Amino acid sequence: MRYDRLFVNGRLATMVAGGTPYGVIEPGYVAVLDGKVAAVGAMADLPSDATGERIDLEGRWVTPALIDCHTHLIFAGDRSEEYEQKLAGVPYQEIAKAGGGIPKTVEAVRASSPADLAAGAMKRLDVFAMEGVGTIEIKTGYGLNLESEVNMMKAARSLGLISGMRVEVTLLAAHAVPPDYKGRADAYVDEICIPLIEKAGRRGLADAVDAYCEGIAFTPEQTRRVFEAAKKAGLKIKLHADQFSDTGGAALAAEFGALSADHLEYTDAAGIAAMARAGTVAVLLPGAFYVLGETTKPPVAALREAGVPMAVATDANPGTSPLLSILTAANMACHLFGLTVEEAIAGMTREAARALGLHDEIGTIEPGKRCDLAVWDIERPAELVQWIGARPLHGRILAGEWA
């Protein structure tokens, strides 16, 4: 059999569920054809007639390329003063009500062009590449008007072309009520959010729609209207749910067949049960939990018991989670939330792909999926989560080629 490329002598953590821990095959090979995994298996089972460019991985560990399924990577301006306020004990809700938080970033984004936004985000995206990330989700939500939200979607799309990464774009116009709509959240949903959703669906500007269902943002009723518009536009659905209070966000996300519900610190048993029935992924965001000094943890044990898949993401943003390291997020998820190492690695590969609706395409190393791999200079997979600040990446393989 003729392949485009054969990666041989790797220690494969395929992350395929249901078999050995981490889905390990060692030593193993990955055969590539037209950018996809054509075959994978033990070296002893490599067919003698397999031909193609042969690349020796020399015993290095290989995982699926990592996936960050929740970021706010496009923004402008500076919120370091707000960081100092939080350290001094000022609650985030008070900062937001006083004009800080998201509205401050909105002002800076509205003054920026799509090119400016993309250039700033590209510097941050490079950091993710150095940690083996091959797919990243980027949300809007810092423009909060028709022009600036479109600019953010255009900037996010351009990052995929520039970087070679797969960039999933999520429209988060329902992130906060901007100052020009203060006290008129319903009008903002009608006049800004819904027209943006319709435009994003028509023009292919976004892949999904998200909303922030919380006391300082949008009510469940307003969120429901956003989701109804998203379904009509043919866009996937995600939700910032139950971060500071139990608004029933997890259950609402499940009702609409959302890919994921994210944060979930205050989600109750009914919300967990609804997510389990719907197949909605729980996206854990330990960076925000850590930076905000929260004490109520997501109900990880209950999610695990109910069989709800758990993904791990950075929530990278300039205010509540200034975290540009998916590996550090995985470490935090273990130490702060009680995930196992294998759950954490699955959370930034297999389950992160599920949280983006891409589990048929990426997230594990198996035939038919895009050949996106990360090659590591480590002795065991646990090192990826154990070390804080280490970057043991040897290289990335995207669509079957070294990136």
Side-chain angles (χ1 to χ4, degrees), residues 1 3 5-33 36-47 50 55 57-67 69 132-135 260 276 279-284 300-301 303-312 326-327 330 333-334 338-386 392 394 396-397 400:
M1 176 66 185
Y3 299 106
R5 204 160 287 107
L6 285 164
F7 294 99
V8 299
N9 296 320
R11 304 166 76 182
L12 310 180
T14 68
M15 300 312 299
V16 174
T20 60
Y22 307 100
V24 165
I25 302 173
E26 57 172 324
Y29 73 92
V30 179
V32 183
L33 187 64
K36 294 186 177 182
V37 176
V40 58
M43 286 300 299
D45 298 327
L46 178 63
I55 298 173
L57 298 176
E58 300 176 334
R60 292 184 175 89
W61 277 98
V62 182
T63 67
L66 304 186
I67 301 165
C69 63
V133 172
T135 296
S260 73
T280 299
V281 177
V283 178
L284 307 180
V300 164
L303 290 165
R304 184 187 291 129
E305 184 177 353
V308 176
M310 292 181 286
V312 176
I326 187 67
L327 296 178
C334 291
L339 264 63
T340 67
V341 169
E342 186 170 3
E343 285 175 331
I345 295 177
M348 51 184 178
T349 54
R350 183 181 69 234
E351 308 307 350
R354 192 177 302 279
L356 295 176
L358 300 176
H359 51 286
D360 290 334
E361 301 177 43
I362 55 173
T364 58
I365 307 173
E366 54 186 324
K369 294 196 175 181
R370 178 174 149 123
C371 187
D372 285 359
L373 311 175
V375 183
W376 307 95
D377 290 317
I378 56 176
E379 292 301 318
R380 296 183 69 250
E383 286 188 55
L384 296 178
V385 177
Q386 174 193 10
H394 179 75
R396 291 180 306 156
I397 297 163

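Computed from a predicted structure; not experimentally measured. Here, residue 1 is the first one in the sequence, and each next residue gets the next number. When reading the values below, keep in mind they use all heavy atoms of this one structure, side chains included, and skip hydrogens, waters and symmetry mates.
Between Pro381 and Ile345, the shortest heavy-atom contact is O-CD1, 3.6 Å. The shortest non-hydrogen separation linking Val133 to Arg396 is O-NH1, 2.8 Å. Nearest heavy atoms, Ala344 versus Cys334: CB-SG, 3.7 Å. Nearest heavy-atom pair, Met348 versus Val385, reported as atom, atom and distance to 0.1 Å: CE-CG2, 4.5 Å. Of all the heavy atoms in Ile365 and Ala13, the pair that sits closest is CD1-O, 3.9 Å. When all heavy atoms of Ala333 and Val312 are compared, the pair lying nearest together is CB-CG2, 4.0 Å.
Two residues are said to be in side-chain contact when any heavy atoms from C-beta on lie closer than 4.5 Å; Pro392 and Leu384 meet this criterion. Within the 4.5 Å cutoff, side-chain heavy atoms of Phe7 are placed close to those of Ile397. Residues Glu379 and Arg11 are in side-chain contact: their nearest non-hydrogen atoms beyond the backbone lie under 4.5 Å apart. In this structure the side chain of Leu356 never reaches within 4.5 angstrom of the side chain of Ile362, judged on heavy atoms. Between Leu66 and Leu327, some side-chain heavy-atom pair lies under the 4.5 Å cut-off.
Panel note: side chain Arg60, backbone Val375; no donor-acceptor pair is recorded below 3.5 Å. Between the side chain of Lys369 and the backbone N or O of His359, at least one donor-acceptor pair lies under 3.5 Å. Using modelled atom types, one side-chain atom of Glu342 and one backbone atom of Tyr22 make a donor-acceptor pair closer than 3.5 Å. In this structure a side-chain-to-backbone donor-acceptor pair under 3.5 Å is missing from Arg5 to Ile55.
Rounded to the nearest 0.5 angstrom, Ile326 CD1 and Ile67 CD1 are separated by 9.5 Å.
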What verdict does the side-chain contact (heavy atoms from CB on, under 4.5 Å) test give for Asn9 and Met43, after you've listed the backbone C-alpha separation in whole Å, the side-chain angles of each residue and the deciding distance to 0.1 Å? CA-CA 7 Å; Asn9 296 320; Met43 286 300 299; 3.7 Å; yes
Give the C-alpha distance, both sets of side-chain angles, the deciding distance and a yes or no for side-chain contact (heavy atoms from CB on, under 4.5 Å) between Val40 and Val30. CA-CA 5 Å; Val40 58; Val30 179; 4.1 Å; yes
List the steps and the verdict of side-chain contact (heavy atoms from CB on, under 4.5 Å) for Val32 and Tyr3. CA-CA 6 Å; Val32 183; Tyr3 299 106; 5.9 Å; no
CA sep, side-chain torsions, deciding dist, call: Leu6, Leu46, side-chain contact (heavy atoms from CB on, under 4.5 Å): CA-CA 10 Å; Leu6 285 164; Leu46 178 63; 4.3 Å; yes
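A salt bridge links Arg354 with Glu351: at least one charged nitrogen is closer than 4.0 Å to a carboxylate oxygen.
Of the candidates Ile378, Asp377, Leu12, Trp61 forms a side-chain contact (heavy atoms from CB on, under 4.5 Å) with just one, namely Ile378.
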